[in-house]
Amino acid sequence: MKEYILAIDQGTTSSRAMLFDCLGNVVDSEQQEFPQYYPKDGWVEHTPEELLASVMSTCRKLMSKQNIQAGQIKSLGITNQRETTIVWDKTTGNPIYNAIVWQDRRTSQYCQELSEHGHGNMVAEKTGLLLDPYFSATKLKWILDNVEGARDKAQAGELVFGTVDTFLLWHLTDGQSHFTDATNASRTMLFNIHEQCWDDELLELFNIPKSLLPVVLDSSADFGVTSTQMLGFDIPIQGIAGDQHAALFGQACFEKGSVKSTYGTGCFVMVNTGDTVFTSTNKLLSTVAYRIDGEVTYALEGSIFVAGAVIQWLRDGLELISNASDSERLAMEANQDHGVTLIPAFTGLGAPFWDPDARGAILGLTRDTGIKEIVNAALQSVCYQTKDLLTAMEKDGIEICTIKVDGGMTNNEWLLQYLSDCLQVEVEQPKSAETTALGVAFLAGLKAGIFESVTHIQSLWQSTAKFQPKISNELASEHYQRWINAINRIRTTS
Ligand SMILES: Nc1ncnc2c1ncn2[C@@H]1O[C@H](COP(=O)(O)OP(=O)(O)O)[C@@H](O)[C@H]1O
Ligand SMILES: O=P(O)(O)OC[C@H](O)CO
């Protein structure tokens, strides 16, 4: 009887269930998109029920397709879009409001006020984060303050909060487990990353009752067992990590200084900083990379809000392309010297600008500009935003020679070549682009004893292609300068 690890990857635009063998090879997978809701300018929501339904349906389809029998799945891991905030009723499990998605900017005014009152340093010092609507704390406060009766129910201990991992775990275990892991906790802005605990001063600042919060475990831990009615069998849940942290783990970036960049809905560059919290002076975030056996490894992160989402916008918003993969051919066929700059700041700018009120723009249009040039500029914008992050890292004294890339967008080779040209560094692609799911499968398998150690996992990682810069440093700088000039025209903060 073959044995497997099941990984759930609940992303911003789709949910995936992936089956891995005990060497970390992909056996099969299922994927399902779900609706995005944009109720107001800068607001982004999901319905938690649709997230759960998409996860359940992909897992069930995958298991039935592979004719999985009891006992074949040795361990289950959950990785997830981070920061997205859900509050639900402890008794019924029903959410009291939609999931407020990480991209949502509704609390930008409140964050601004907290900054003006001088709370930024304390928050950054304790959490490694910047006072920005991106993180869960102000979203959670918004729900408690704006949903009728929520604060009273919270005070009475009738509600619970969780990021998406915690919500899925709760339902998979039929309300038995109210846990999260240290990586997800580190994105809430309520968690002290030095002391590895919920922080009373932060809870007071954001007016959050502690009783709402899940218990924080290692990323590789016993989180509970799936209830039979959910997946048909009792499966131990032994890995949980935020998707970017799981990708770092799946890319085997275990050494201090190793870097990965993931291109999904957003783009997230992470550098392993070992057992030290690195303090950036260039608005990058410090975060928990992973926690195993109580030992914390930290990372430095640069977060970009719109990467693959710009391609989705070309597809669904502008209807310029029918499939995301069309973008590769069109970008290749474009006049490469088009002079168009597209800034996809649909929900503001993330690192290193942190400008929640900036909005997107297309500059440099001429009568010759066509669909191909717009598509090309959209893909270039993802590379320039990555360059913004690497430049900030360089200013922090971190030199990067190679980045390991993954995520849905890395199926686009034109993008990877332009990325290498733009960054003037080597871009390395792993055998599987599904590194996020693989990372949490590794974490779950580690707890289950399928993988002996991090060193064992390192030996399983394989690269498939390397992209080297093909344009001169001078030309790359010229292109990038055009981007910087354009960014300076849309910023609302300095
Ligand atoms: N060939 C491609 N070229 C460019 N973008 C792509 C391509 N394939 C997928 N994408 C983009 O990648 C994103 C999906 O990547 P994925 O890693 O699944 O994201 P998430 O985990 O955030 O849901 C979508 O936004 C899609 O537009
Ligand atoms: O859904 P992704 O893969 O773009 O990841 C979202 C991030 O976790 C948000 O912080």
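Note: hydrogens, waters and symmetry copies are ignored here, and every other heavy atom, side chains too, is used. Throughout, numbering of the chain's residues begins at 1 and tracks the sequence. In each ligand, atom 1 is the first atom listed, and ligand 1 is the first ligand listed. This one's a predicted model, so the numbers in the text were calculated from it and none came from an experiment.
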*Contact check, Gln81 vs ligand 1, heavy-atom distance below 4.0 Å*: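 Contact check Gln81 vs ligand 1: negative.
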In terms of ring plane angle, is the pair [X] and [Y] parallel, tilted or perpendicular, where the classes change at 30° and 60°?
| X | Y | value |
| --- | --- | --- |
| Tyr384 | Tyr418 | perpendicular |
| Tyr110 | Phe206 | perpendicular |
| Phe305 | Trp354 | perpendicular |

What protein heavy atom sits nearest [atom], and how far away is it?
| atom | answer |
| --- | --- |
| atom 1 (N) of ligand 1 | Ser325 CA, 3.5 Å |
| atom 19 (O) of ligand 1 | Gly264 CA, 3.4 Å |
| atom 10 (O) of ligand 2 | Glu83 OE1, 2.6 Å |
| atom 4 (C) of ligand 1 | Ser327 OG, 3.4 Å |
| atom 27 (O) of ligand 1 | Gly308 O, 3.0 Å |
| atom 21 (O) of ligand 1 | Gly11 CA, 3.9 Å |
| atom 14 (C) of ligand 1 | Gly408 CA, 4.2 Å |
| atom 8 (O) of ligand 2 | Asp243 OD1, 2.6 Å |
| atom 5 (N) of ligand 1 | Met409 CG, 3.5 Å |
| atom 22 (O) of ligand 1 | Thr265 OG1, 2.5 Å |

*asked:* Under 4.0 Å, heavy-atom basis, I'd like to know which part of Thr12 is in contact with ligand 2: side chain, backbone, both or neither.
replied: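 The answer is both.
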*Under 4.0 Å from ligand 2, counting heavy atoms only, is it the side chain of Gln244, its backbone, both or neither?*
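It is the side chain that gets close, since no backbone atom is under 4.0 Å.
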Give the numbers and elements of all ligand 2 atoms closer than 4.0 Å to a heavy atom of [X].
| X | result |
| --- | --- |
| Tyr134 | 9 (C), 10 (O) |
| Gln81 | 8 (O) |
| Thr265 | 4 (O) |
| Gly266 | 4 (O) |

Hey, is [X] close enough to [Y] for a salt bridge, meaning N to O under 4.0 Å?
| X | Y | answer |
| --- | --- | --- |
| Arg82 | Asp243 | yes |
| Glu45 | Arg106 | yes |
| Arg16 | Glu434 | yes |
| Asp421 | Lys470 | no |
| Glu333 | Lys372 | yes |

For [X], the ligand 1 atoms whose distance to one of its heavy atoms is below 4.0 Å:
| X | answer |
| --- | --- |
| Thr12 | 22 (O), 23 (O) |
| Ile311 | 5 (N), 27 (O) |
| Thr13 | 20 (P), 23 (O) |

Using a 4.0 Å heavy-atom cut-off, which part of [X] comes near ligand 1: side chain, backbone, both, or neither?
| X | result |
| --- | --- |
| Ala309 | backbone |
| Glu328 | neither |
| Ala324 | both |

*side chain to side chain donor-acceptor pair (under 3.5 Å) evaluation trace for Asp355 with Thr492*: CA-CA 7 Å; Asp355 187 344; Thr492 68; 2.5 Å; yes
Is the shortest N/O to N/O distance between [X] and ligand 1 below 3.5 Å?
| X | result |
| --- | --- |
| Asn412 | yes |
| Gly266 | no |
| Arg16 | yes |

*Within the structure, does Arg82 bring an N/O atom to less than 3.5 angstrom of an N/O atom in ligand 2?*
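Yes, there is a polar N/O contact under 3.5 Å.
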*Can you name the closest pair of heavy atoms from Pro48 and Ile86 and give their distance?*
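Distance-wise, the nearest heavy atoms are CG-CG2, 3.9 Å.
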*Dump the intermediate steps for salt bridge (Lys or Arg N to Asp or Glu O under 4.0 Å) on Arg291 and Asp218, then the final yes or no.*
CA-CA 5 Å; Arg291 196 175 94 187; Asp218 286 349; 2.7 Å; yes
_I'd like to know whether Phe268 forms a ring-ring contact (aromatic ring centres under 6.0 Å, His included) with Trp102, so could you lay out the CA-CA distance, the side-chain angles of the two residues, the decisive distance to 0.1 Å, and finally the verdict._
CA-CA 13 Å; Phe268 304 87; Trp102 56 277; 5.6 Å; yes
*How far does CZ of Arg105 sit from SG of Cys111, to the nearest 0.5 angstrom?*
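The distance works out to 8.0 Å.
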*Aromatic ring proximity, centroids under 6.0 angstrom, Phe161 and Trp88*: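 Aromatic pair excluded; centres sit 6.0 Å or further apart.
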_Aromatic ring proximity Tyr38/Trp43, centre distance under 6.0 Å_ =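 Tyr38 vs Trp43: aromatic centres not under 6.0 Å.
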_Chi angles and distances behind the side chain to side chain contact (heavy atoms under 4.5 Å, CB included) call for Asp9, Ser15_ = CA-CA 6 Å; Asp9 177 2; Ser15 298; over 6 Å; no
